[in-house]
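Quick notes on the structure that follows.
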Amino acid sequence: MIEIEALTKDYLDLTVVDHVSMTVEDGELAVIVGTSGSGKTTLLRMINRLIEPTSGTVKIDGQDTRSEPAFELRRRIGYAIQGHGLFPHRTVGQNIATVPELLGWDKQKTAQRVDELLNLFQLDPAEFRDRLPSELSGGQQQRVGVARALAAEPKLLLMDEPYGALDPIIRSKAQSDLLAIQKRFGTTIVLVTHDMEEAIHLGTRIAVMDKGKLLQYAPPHEIIANPATPFVAELIGTGERPFRLLSLWKVRDLVEPGPAQGEPISADASLRDAYAECLWSGREMLPVIDESGALIGRIRRDDIAHKAERPQ
Amino acid sequence: MSAVVAVPRRLQFAIDKLGVLIAAIATVASFLPFAAFRANRIVLGESKSIFAALPAWEATLLVLALFAAIAIALFRTPTLWRLWTSLVVLAILFIAVGHAASFLTPEGDRIARVSPGAGFWLLIFAFALLAADAIARLKLRPWTRIGALVGVAIFFAVLLGSGTLNDLSILREYFNRGDTFWREAQTHLALALGSLAAATVAGIPIGILCHRSDALRAPVLNVLNAIQTVPSIALFGLLIAPLAWVAANIPSASALGISGIGAAPAMVALFAYSLLPVVANTVVGLDNVPPAANDAAKGMGMTDRQRLLTVEFPLAFPVILTGIRIVLVQNIGLATIAALIGGGGFGVFVFQGVGQTAMDLVLLGAVPTVALAFAAAVVLDSIVEMVSPKDMRRD
Amino acid sequence: MSIGLIIRLVVLALLVAFIVTPESFAFVFQPLTRNGQPAIYTQNSLLNLTLSHLTIVAIATIAATLVAVGLAILVTRPFGAEFLPLSRSIANIGQTFPPVAVLALAVPVLGFGTAPTLVALFLYGLLPIFENALTGLTTLPPTVTEAARGVGMTDRQRLLDVELPLATPVILAGIRLSVVISVATATIGSTVAASTLGEVIIAGLLSNNLAFVAQGGLVVGVMAVLIYDALSALERILMARTGQRREIS
């Protein structure tokens, strides 16, 4: 659990982060979203003390982060950044092994962990372990960057615009990888982005920041339904609201027994995708299949549309 | 943060780290000999401290001035104060060393030599550091820098003209060979500038060709690189043989003043050295022209020639000028070596001085060379900065 | 590449052969002599002169590298940050001093012989190495230094494991420039009685013997080009090995 209390950062006369308080529970994926200059990256970097706060405290599992040297704190916290920041002179394997080596793990355990992570990120260890980062594609470099952040099995992972430099297709792949990994390890993640779409897609809670202040910190549906300020509403985009809301649910949540005609849709697709499919194919209802391909029922367009109404 | 350094309203009495270094050097230097007196040109000198080298009241004033300047350097004082302090102290030091020479030289003695001592040079070094630091921090604009250089030149012209320094050993050497000095100065400049002009005229077209032809680029640049690597004296020496052959076998050549030794091989060698920076910078400058600008020019129907003259060349100009700056500073230094093969220039005094163990004579050659190279660097750096559009500086 | 390598090896072999047994090449230089002058310089063995030349350059360069890299590390740490602007301008101004002037000015302080040459080479060699080390240490990709802090490296680990290895090719480029200048300045060092290959050239100039001038010039020139070439190759290898594609000037 991360407890942030009245955290403030001043640069000369400028207050970049202004008395921000928020709590991230274990296993949550908190997304900090805001425009550039909102203080979101500064807030993130104060958690692992890459920036020292002017005032306020950060506690991780009840322990003040200032109670140990900054570098030891950082070794316990995973950190992944935009443009990956891989060490260009070290191989992929050496990069991933960085923190285990700093922590003094024995060689065999480190090597095992490196291979395990490479496999997890669908990079064949035999092929990729000894390559230099410059020999990888952008998407592969980004995956190695996240693998390095996870190498020492941190309970907490901080990510600063990790997908900012990726093209849309690779980005959505990386995002679903992240969700899968979080599910598997139960890592607590704090992620910074300027993209509300990404925030809604990934976050279990979203913190909206503007001009150094935390405007709202709530689960995605709450943010969409009841934006705390006009700025939050603008960031979501008023015309986008019903669709953003739909993207929070899966077809599974609304499936009912009964037959339907035409191409089936996966139970794991979002309601947004299902609604789009209804509109596009001009159907009132779609058949629904589960991951094994077995028909499990149908979903009705009107039910979906009803879900898109503003929650009361 | 703005580039202009604001003067703080309240002086902070914090210690400046560089100030500590400068204060330490200056304090040590104050106890070292300020001047050296020798009964004639080559005997060993007697060291004279500040109080021995100057009349008591002048020495006291100098020490007080040094004390004040050290204090200003030691604490965190506004940058402009530090700059003016260092400049004033430097000026005082030069005047004082001139006075010391007059004070120490017996009336009417033409043989005695008074030269600046280690203490003087160390003090100059310390306060030049202070000035350099202040100038680096102030980030002066190009015209201000050139203005400052002119100011310093005028100061020395007045100082030399007033005769204050006339009793110093280096000026004694100068008076002994006034005519030679200016002749060698001319030769030195002719060698440095002539080879530069030739290299510019030849190098820019070669650079353009290399930029356009990939087949030409690597071999030409490699050869020029290899030439630059060959030590100057070796190259000068190696050119003697072919030029001697030319002089002996082509009748009109010797009429033109070409011979195996002398200025001709020096000029050819300096020219050869100058080619690499000019050609390489022309290539780099043209390579760095944004492809979009080139595309736009082609799209509007410019011919190759029009594009070169109106788009590529103007955009590459600052980089080419940087190459010319490198060449000029390098040539002013290298032209000293010409003296070894009878080519003249300030090197004549340097090597004669080395041969006769006459430090003053070495200085007579080295000081103007260093001053010229320094002035050339300041002026050309300023010009390069002036012609570079702000958004094109890639540092 | 292989043809280039063969040419380099042949040139190196010729150079070594000439230095070891210069007399066997007398026929090459005979045509340059007049009035029965000797074709080969024999006052001092060419081998000794070459070794002495290279030793002076090596000592000066190693010392200059240690000091220059040390200083560059110092001024790029928070403690020395105040000295950064000044040290940049000193490196810049210092390089406008002609090496000959530095050499000549060292004589009165240190007397004749090898000492002033060593000191001049050391002082002048500092500047390009220092300038490049500064460039190397201050132009590292910000994401990399950021990541190094983020994974929890201490200042010392960051310097030794990330910053220095990445800056090494650029520092090496500085060393290369420094060595080339030193080989040249050491040649002139023989005018102040340092025992270097310049002795052969100067002897030729004094006795008007072109053969001496040519053989001294050739040995020094070929040696300088080979050293420059080898160091450039080493830089390219290091560049590739550290996964960088930075352009070296």
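First the proteins, then the strands, lettered A, B, ... as listed; each starts at 1.
There is a side-chain donor-acceptor pair under 3.5 Å between B:Arg82 and B:Thr77. Inspection of the C:Glu199 and C:Tyr41 side chains reveals an N or O donor paired with an N or O acceptor under 3.5 Å.
Contact annotation for B:Phe374: both backbone and side-chain heavy atoms come within less than 4.5 Å of a heavy atom of chain C. Using a 4.5 Å cut-off between heavy atoms, C:Phe212 does not touch chain B at all. Using a 4.5 Å cut-off between heavy atoms, B:Leu21 contacts chain C through its side chain alone, with no backbone atom that close. Within the 4.5 angstrom heavy-atom criterion, atoms from both the backbone and the side chain of B:Val354 approach chain C. For B:Asn222, no part sits under 4.5 Å from any heavy atom of chain C, backbone or side chain. Only the side chain of C:Ser89 has a heavy atom closer than 4.5 Å to any heavy atom of chain B.
Each of B:Asn225, B:Ile135, B:Val329 has some count of heavy-atom pairs under 4.5 Å with chain C, and the biggest count is that of B:Asn225. With respect to chain B, the highest number of heavy-atom pairs below 4.5 Å among C:Ser87, C:Ala193, C:Ala101, C:Ala104 belongs to C:Ala104. Chain C forms the most heavy-atom pairs under 4.5 Å with one residue out of B:Val362, B:Thr369, B:Val284, and that residue is B:Val362. For chain C, the option among B:Val350, B:Val230, B:Val367, B:Val370 with the highest count of heavy-atom pairs below 4.5 Å is B:Val370.
Only one option out of C:Leu218, C:Val183, C:Ile202, C:Thr50 pairs with C:Leu197 in a side chain to side chain contact (heavy atoms under 4.5 Å, CB included); it is C:Thr50. Tested against C:Val10 for a side chain to side chain contact (heavy atoms under 4.5 Å, CB included), the candidates C:Ile6, C:Leu12, C:Ile7 yield a single pass: C:Ile6.
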The test is salt bridge (charged side-chain N to carboxylate O under 4.0 Å, His left out); show your working for B:Asp133 and C:Arg88 and say whether it passes.
CA-CA 10 Å; B:Asp133 181 55; C:Arg88 267 187 212 285; over 6 Å; no
Given the rule in the salt bridge (charged side-chain N to carboxylate O under 4.0 Å, His left out) test, do B:Arg38 and B:Asp360 qualify, once you have shown the distances and angles that lead to the verdict?
CA-CA 12 Å; B:Arg38 285 167 301 164; B:Asp360 310 322; 2.9 Å; yes
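Heavy-atom neighbours of C:Phe112 CZ from other residues, nucleotides or ligands within 6.0 Å: above the threshold of 12.
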